[in-house]
Q: 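The following block contains the structure, expressed as structure tokens.
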Amino acid sequence: MIKAVVFDVDDTLYDQKAPFVAALEPLVTNSETLDFTQAFQDYRCQSASAYDQVASGRWSHEEMAVNRLNATLQKQDVAPVDSATALAFEQAYAAGLQEIKLFPGLATALDQLKDQFKLGIITNGKTQHQLAKVMQLEMHRWIDRDNIITSEEAGLAKPDPQIFTMMNHRLNLRATEVAYVGDCYGMDVKGAKQAGWHAFWFNHRNAEMTDGGSWIPDQTVGDSLELQDLLLALSAVPEL
């Protein structure tokens, strides 16, 4: 039986693409030729390895900013940018993230879930940045700080199953009693399933399964209202 629901943050609780595009478009030469949807997906797919490089001390924050953005642009044969431009992008992106709002329907679902389930968050990123997003989204209305784990504080990043196991200990629950909600197949579905959790894939970007679809999500939804319905259904049945 599911006794807890744990959420990813970026592009799961809010639309991360809009501030990404707004930050990148003015900085890229011939931006009209860039597929921003693909660029956004490529940028996010590099997050886990980029955080690993910073955590291990191999990259500074500036090196991560430059390398991650240029690797994204290179995928579409767009000319690389210099350090100043990469950092300007990050600053503009960060500013846009200060205006984020929950996807439609999530507040309603969270209101109902909080009375019946333990709730938590596992998110990759720097603790200060991720907690700022959590506060902007007013997630403190539903989730205690003790039930929020960032990759920086854990010293681990999704899809490493150990970060999910850390949450098991926080919640005092078995792996089979926890469901994870995330948008990224490679980090969220794979990580949760490797840890023995249920995995709900919020695939609102119509992404494809990587690695041949080795890890099958327990549920897949395509938009925020479908996600709302899925979460509300949890309280109506003893086990999904």
Side-chain angles (χ1 to χ4, degrees), residues 7-103 121-139 148-160 163 182-184 186-188 191 204-205 207:
F7 294 85
D8 170 46
V9 172
D10 296 319
D11 219 37
T12 294
L13 297 177
Y14 72 95
D15 180 2
Q16 191 180 21
K17 180 185 170 186
F20 173 87
V21 173
L24 184 59
E25 190 171 19
L27 300 177
V28 179
T29 303
N30 298 323
S31 62
E32 64 276 4
T33 66
L34 187 67
D35 182 338
F36 283 96
T37 297
Q38 187 61 52
F40 173 70
Q41 291 174 344
D42 290 338
Y43 187 83
R44 293 210 66 218
C45 284
Q46 297 178 61
S47 294
S49 60
Y51 290 130
D52 285 344
Q53 294 286 348
V54 173
S56 66
R58 290 189 290 269
W59 285 357
S60 65
H61 176 77
E62 179 176 337
E63 288 172 326
M64 181 183 76
V66 175
N67 292 339
R68 184 162 57 158
L69 181 55
N70 280 333
T72 298
L73 298 175
Q74 185 180 23
K75 291 271 190 180
Q76 298 188 49
D77 297 321
V78 175
V81 299
D82 58 19
S83 297
T85 301
L87 291 174
F89 161 74
E90 287 226 334
Q91 291 171 358
Y93 194 9
L97 293 173
Q98 295 177 14
E99 306 297 327
I100 56 176
K101 297 179 180 180
L102 283 175
F103 274 121
I121 285 174
I122 297 175
T123 178
N124 283 354
K126 295 181 71 66
T127 300
Q128 180 180 354
H129 294 167
Q130 296 307 96
L131 290 183
K133 297 173 191 174
V134 168
M135 291 298 295
Q136 174 65 26
L137 296 169
E138 299 185 342
M139 292 300 293
I148 299 174
I149 297 177
T150 70
S151 60
E152 182 182 46
E153 69 183 13
L156 301 162
K158 297 180 299 180
D160 191 327
I163 197 169
D183 71 292
C184 181
M187 286 192 287
D188 300 330
H204 60 106
R205 302 293 181 197

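Just so we're clear, the structure is a prediction, and the values are computed from it rather than from any experiment. Residues: numbered from 1 along the sequence shown.
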Q: Can you list the steps and then say if D8 with L13 is a side-chain contact (heavy atoms from CB on, under 4.5 Å)?
A: CA-CA 7 Å; D8 170 46; L13 297 177; over 6 Å; no
Q: Can you find a heavy atom in the side chain of F40 that is under 4.5 Å from one in the side chain of L24?
A: no
Q: Between D188 and D183, does the side-chain contact (heavy atoms from CB on, under 4.5 Å) criterion hold? Intermediate values first, please.
A: CA-CA 7 Å; D188 300 330; D183 71 292; 3.7 Å; yes
Q: Quick check: closest heavy atoms across L34 and V78, and the distance to 0.1 Å?
A: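 That would be CD1-CG2, 3.7 Å.
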Q: Applying the side-chain contact (heavy atoms from CB on, under 4.5 Å) criterion to R68, which one of R44, E90, Q53 satisfies it?
A: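 Exactly one option meets the side-chain contact (heavy atoms from CB on, under 4.5 Å) with R68, and it is E90.
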Q: Atom CD in E62, atom CG in N67: separation rounded to 0.5 Å?
A: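 One gets 10.0 Å once the value is rounded to the nearest 0.5 Å.
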Q: With side-chain contact (heavy atoms from CB on, under 4.5 Å) as the criterion, how do I149 and I121 come out once you've worked through the C-alpha distance, each side chain's angles and the decisive distance to 0.1 Å?
A: CA-CA 6 Å; I149 297 177; I121 285 174; over 6 Å; no
Q: Decide whether Y93 and Q16 meet the rule of one side-chain donor and one side-chain acceptor closer than 3.5 Å.
A: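 Side chains of Y93 and Q16: pair found under 3.5 Å.
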Q: Under 3.5 Å, is there a donor-acceptor pair between the side chain of D160 and the main chain of L156?
A: no
Q: Got more than 12 heavy atoms from elsewhere within 6.0 Å of CD, Q74?
A: no
Q: Show the nearest heavy-atom pair for residues F103 and T12, with the distance to one decimal.
A: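 Shortest heavy-atom separation between F103 and T12 comes out as CD1-O, 3.3 Å.
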Q: List the atom of A79, the atom of L73, and the distance in Å for their closest heavy-atom pair.
A: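 Smallest heavy-atom distance, with atoms named: O-CD1, 3.8 Å.
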Q: Given side-chain contact (heavy atoms from CB on, under 4.5 Å), test S151 with K158 step by step and report yes or no.
A: CA-CA 7 Å; S151 60; K158 297 180 299 180; over 6 Å; no
Q: Which distance, rounded to the nearest 0.5 Å, do you find between the CG of L137 and the CG of L102?
A: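 Nearest 0.5 Å value for the CG-CG distance: 5.0 Å.
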Q: What's the shortest heavy-atom distance between Y14 and I100, and which atoms?
A: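 Minimum heavy-atom contact is CD1-CG2, 3.4 Å.
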Q: What I want to find out is whether D11 reaches K17 closely enough, with some N-O distance under 4.0 Å, to be called a salt bridge.
A: no
Q: Is it the case that the side chains of T72 and D42 hold a donor-acceptor pair, with the cut-off being a distance below 3.5 Å and no angle test?
A: no
Q: Between Q136 and K133, is any side-chain donor less than 3.5 angstrom from a side-chain acceptor?
A: no
Q: Between E25 and A22 (side chain of the first, backbone of the second, donor and acceptor by atom type, cut-off under 3.5 Å), is there such a pair?
A: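 No; judged by distance alone, with no hydrogens or angles, the pair does not exist.
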Q: Taking the six-membered ring for Trp and the single ring otherwise, decide whether the centroids of F36 and Y43 are under 6.0 Å apart.
A: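 No: the rings miss the under 6.0 Å criterion.
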Q: Could you tell me whether the side chains of T127 and E152 share a donor-acceptor contact shorter than 3.5 Å?
A: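 Their side chains do contain a donor-acceptor pair, which is all the 3.5 Å distance test asks for.
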Q: What's the separation between atom CG in L69 and atom CE in M64, rounded to the nearest 0.5 Å?
A: 11.0 Å
Q: Tell me, with the steps shown, if D10 and Q130 meet side chain to side chain donor-acceptor pair (under 3.5 Å).
A: CA-CA 9 Å; D10 296 319; Q130 296 307 96; 3.2 Å; yes
Q: If the threshold is 4.0 Å, N to carboxylate O, is there a salt bridge linking R205 and D15?
A: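 Yes.
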Q: Write down the atom of L97, the atom of P19, and the distance for their closest heavy-atom approach.
A: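 In terms of heavy atoms, the two residues are closest at CD2-CG, 3.9 Å.
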Q: Which heavy-atom pair separates T150 from G125 by the least distance, and what is that distance?
A: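 Scanning both residues completely, I find the closest heavy atoms to be CB-O, 3.9 Å.
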